[in-house]
Amino acid sequence: MTQTRTAIFPGSFDPPTNGHVDIVERALELFDTVIVGILSHPEKKALFTTKERVNLLEKSFKKYKGRVSVEEFSGLLAEFAKRKKSRVIIRGLRAITDFDYESQMALMNRRLSGGVETVFLVAREENSYISSSVVKQVAKLGGKVTAFVPKHVVNALRAKLSKRKG
Ligand code: PNS
């Protein structure tokens with residue numbers, strides 16, 4: 001019997017970007033199923049609540065029903081991976097500056113989990129300068145973000161930021 005190959009794609013996703021969507025789509029070419037793991041950290045002030053981020057991600061991956069699931073987690077990623085019986089964590093790399101932190105995290109996660117491997121996927125050139133924090137900054141200052149996030153995220157950002165102003 002062949003085993004289902006599952007990978008976890010963890011992150012804050014505040015908000016999800018086209019870069020995140022692209023990494024998941026490419027991970028689906030390597031793995032049977034991908035669990036998008038949203039870190040829910042009460043101490044960190046996020047623009048979107050965990051529930052809102054779950055909804056935004058579920059909408060982004062609706063067409064991959066059965067292959068992509070969205071789950072929140074808190075605490076250690078290594079423990080989440082063990083609970084999900086996943087041997088692989090996926091992370092996107094945009095630039096060499098990401099590598100320092102990412103390799104440290106990969107080594108720590110492998111050590112803490114007793115063997116979970118991290119697979120890095122290099123971001124597409126057009127996504128290499130996109131991050132959730134830059135998107136938030138641009139949106140907050142009234143800039144256009146339609147090229148960087150899915151349409152429903154543009155709408156959610158608009159709604160969230162106008163509510164904040166009002
Ligand atoms: O999208 P982000 O903010 O780059 O994602 C970072 C994330 C959520 C993957 C990372 O902060 C994480 O895994 N946090 C969980 C806590 C943990 O396991 N820390 C130890 C790993 S070194």
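Just follow the structure's listing: the first ligand is 1, and inside any ligand the first atom is 1. Along the sequence shown, residues are numbered consecutively beginning with 1. Both backbone and side-chain heavy atoms feed into the values below; hydrogens, waters and symmetry mates do not.
Not a single donor-acceptor pair under 3.5 Å links the side chain of R91 to the backbone N or O of G11. No donor-acceptor pair under 3.5 Å is formed between the side chain of S69 and the backbone N or O of I35. In this structure a side-chain-to-backbone donor-acceptor pair under 3.5 Å is missing from R5 to T33.
Looking at F48 and L157, their side chains come closer than 4.5 Å, going by heavy atoms from C-beta outward. Side-chain atoms of R94 and R124, non-hydrogen and from C-beta on, never get closer than 4.5 Å to each other.
Remark: ligand 1 atoms within the under-4.0 Å shell around heavy atoms of L77 are 13 (O), 17 (C), 18 (O). Ligand 1 places these atoms under 4.0 Å from at least one heavy atom of N109: 21 (C). Within the listing of ligand 1, atoms 15 (C), 16 (C) sit less than 4.0 angstrom from a heavy atom of G75. Within the listing of ligand 1, atoms 8 (C), 14 (N), 15 (C) sit less than 4.0 angstrom from a heavy atom of L39.
The protein non-hydrogen atom at the shortest distance from atom 11 (O) of ligand 1 is Y101 OH, 3.9 Å. Shortest contact from atom 22 (S) of ligand 1 to any protein heavy atom: M105 CG, 3.4 Å.
Residue S12 has at least one nitrogen or oxygen atom sitting less than 3.5 Å from a nitrogen or oxygen atom of ligand 1, judged on distance alone. The N/O atoms of F13, backbone and side chain alike, include none that comes under 3.5 Å of an N/O atom in ligand 1.
Note: F80 and F73 have parallel aromatic rings, judged against thresholds of 30 and 60 degrees for the angle between ring planes.
Not a single heavy atom of G37 sits less than 4.0 Å from an atom of ligand 1. Between R91 and ligand 1 there is a heavy-atom distance shorter than 4.0 Å.
In L76, the parts holding a heavy atom less than 4.0 Å from any atom of ligand 1 are both the side chain and the backbone.
The closest side-chain donor-acceptor pair between H152 and S60 falls under 3.5 angstrom. There is no side-chain donor-acceptor pair under 3.5 Å between S86 and T6.
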